[in-house]
Student: 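One structure follows; several queries about it will come next.
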Amino acid sequence: MAGHGVVAEDEESVLSGSKVRPFATPIEERRDMKDTGRHKPTSLTEILGLKDFVSLEVWRASLAELVGMAVLVFALDTIVISSYETNTKTPNLVMSFLIAITVAILLLATSPVSGGHINPVITFSAALTGLISLSRATIYILAQCGGAVLGALALEAVVSSKIEQTFSLGGCTLNIVVPGPEGPVTIGLELVQALWLEIICTFVFLFASIWIAFDHRQAKALGRVVIFSIIGAVVGLVVFISTTVTATKGYAGVGMNPARCLGPALVRGGHLWNGHWVFWVGPTIACVGFYLYVKIIPTKHFHHAEGYKYDVLNILKAPFA
């Protein structure tokens, strides 16, 4: 805690008065944040941030997203497997606690480089609200998906074939096929239930934690460590609730991170593709709902009264301007 004041002072000098901006753009673009309120993007090229596709800084930042996601997938899937392999009466509680710690640590590790997303949900929400451009979001999400595949491949290389088959590399599953008295039987959660869980849990995740980072007043007051700890705690809590409330064999719990679900599905395949679209559609709907909520609340919550620079509403308005 003794060094917290120094960190806050350094961040304040970089961000021109905004003490902490988790999920914000890397340093090169942060230096221009003070001019954002005075310069509103007018052309579609500016609004979409197409220059990010040829920006070396953006591609370097995306490397942190790739590595961060690879570590996240390897760590989370290992946690899922080990929690159920150990002889504990509450494996979902242990799993949720370890997931919370892991998420917080990895967000802190990647934050100085890329803003600390390691989740397409965070990236897409940041793009919708205008905190980052859609171009940067596209690069980040591609990097996250690539990292998820690398993490799943790394896990496949170190676990036995029996564990890989039993736990499906710790991937996102809605149901599994098990032997029954009259042949194979599919057990798990129905698609509609799973979809609603993804929508509700992802929205709660965004509302209860991510908005704290998007809101410059709370970000400034709390600091990066506290914010990322809150995010980790919310993720762990939601995972615990989703696995406890359903209590359904075959259902691995809420995903809330499409890239994490994609990695094991691409590597392992099989039943991991059953209803895989739920882990993308649900969070996408939640992100849109969160964006609508953000647009309804008073504009004073934005970094600038006009809103963020790359707000998706500006993109929709551009053809009619």
Side-chain angles (χ1 to χ4, degrees), residues 69 72-73 76-77 79-81 84 92 95-96 99 103 117-125 127-128 137-138 140-142 144-149 151-152 155 165-178 184-210 234-293:
M69 179 58 78
L72 180 70
V73 168
L76 293 194
D77 292 354
I79 289 171
V80 171
I81 294 171
Y84 285 97
N92 54 343
M95 176 181 68
S96 302
I99 286 175
V103 168
H117 294 208
I118 55 174
N119 188 338
V121 166
I122 296 176
T123 303
F124 187 48
S125 295
L128 288 177
T138 301
Y140 275 15
I141 292 174
L142 288 175
Q144 290 158 2
C145 291
V149 173
L155 183 61
Q165 183 176 2
T166 303
F167 294 96
S168 302
L169 282 180
C172 305
T173 58
L174 296 181
N175 48 60
I176 57 174
V177 178
V178 296
V185 178
T186 301
I187 60 172
L189 205 64
E190 293 184 3
L191 283 174
V192 175
Q193 289 177 284
L195 180 61
W196 274 113
L197 269 173
E198 287 295 324
I199 295 172
I200 295 171
C201 291
T202 303
F203 184 84
V204 169
F205 165 61
L206 292 168
F207 175 78
S209 60
I210 300 304
V234 171
V235 171
L237 180 62
V238 172
V239 169
F240 175 75
I241 291 173
S242 68
T243 53
T244 303
V245 170
T246 56
T248 303
K249 289 185 178 180
Y251 177 57
V254 69
M256 291 191 303
N257 189 328
R260 189 193 82 78
C261 297
L262 179 65
L266 286 172
V267 174
R268 173 67 180 165
H271 70 281
L272 286 177
W273 288 113
N274 295 341
H276 179 76
W277 62 269
V278 167
F279 299 108
W280 287 88
V281 175
T284 300
I285 294 173
C287 289
V288 174
F290 176 71
Y291 172 70
L292 295 176
Y293 162 76

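In what follows, residues are counted from 1 in the order of the sequence shown.
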Student: Taking all non-hydrogen atoms of both residues into account, name the closest pair between T123 and Q144 and its distance.
Tutor: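 Shortest heavy-atom separation between T123 and Q144 comes out as OG1-NE2, 2.9 Å.
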Student: What pair of heavy atoms forms the shortest contact from L272 to P264, and how long is it?
Tutor: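 Reported closest heavy-atom pair: CD1-O, 3.4 Å.
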Student: Suppose we screen for ring pair (Phe, Tyr, Trp, His ring centres under 6.0 Å). Which residues come up paired with W273, at least two apart in sequence or across chains?
Tutor: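 Result, ring pair (Phe, Tyr, Trp, His ring centres under 6.0 Å) vs W273: H276.
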Student: Mind listing the closest non-hydrogen atom pair of G253 and F279 along with its distance?
Tutor: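 Scanning both residues completely, I find the closest heavy atoms to be O-CE2, 4.2 Å.
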Student: Could you list the donor-acceptor pairs under 3.5 angstrom formed between side-chain atoms of residues 194-204 and any protein atom two or more places apart in sequence or on another chain?
Tutor:
residue	atom	partner	partner atom	Å
E198	OE1	M256	N	3.2
E198	OE2	G255	N	2.6
T202	OG1	E198	O	2.6

Student: Keeping the roles fixed (side chain from N92, backbone from S242), state whether a donor-acceptor pair exists under 3.5 Å.
Tutor: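 Absent.
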Student: Would you say the side chain of L206 lies within less than 4.5 Å of the side chain of V121, judging by non-hydrogen atoms?
Tutor: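 Side-chain contact under 4.5 Å: yes.
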Student: Does the side chain of L128 come within less than 4.5 Å of F290's, by heavy atoms?
Tutor: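 They are not in side-chain contact.
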Student: If we only count heavy atoms from C-beta on, is the L72 to N257 side-chain gap below 4.5 Å?
Tutor: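 Touching, per the 4.5 Å side-chain cut-off.
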Student: Does T243 use its side chain to pair, donor to acceptor, with the backbone of F240 at less than 3.5 Å?
Tutor: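 Between the backbone of F240 and the side chain of T243 there is a qualifying donor-acceptor contact (under 3.5 Å).
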Student: Identify the heavy atoms of S125 and C287 that sit nearest to each other, and give their distance.
Tutor: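 Here S125 and C287 meet closest at OG-SG, 3.3 Å.
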Student: Looking only at heavy atoms, which two atoms of F207 and Y293 are closest? And how far apart?
Tutor: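 Minimum heavy-atom separation between F207 and Y293: CE1-OH, 3.4 Å.
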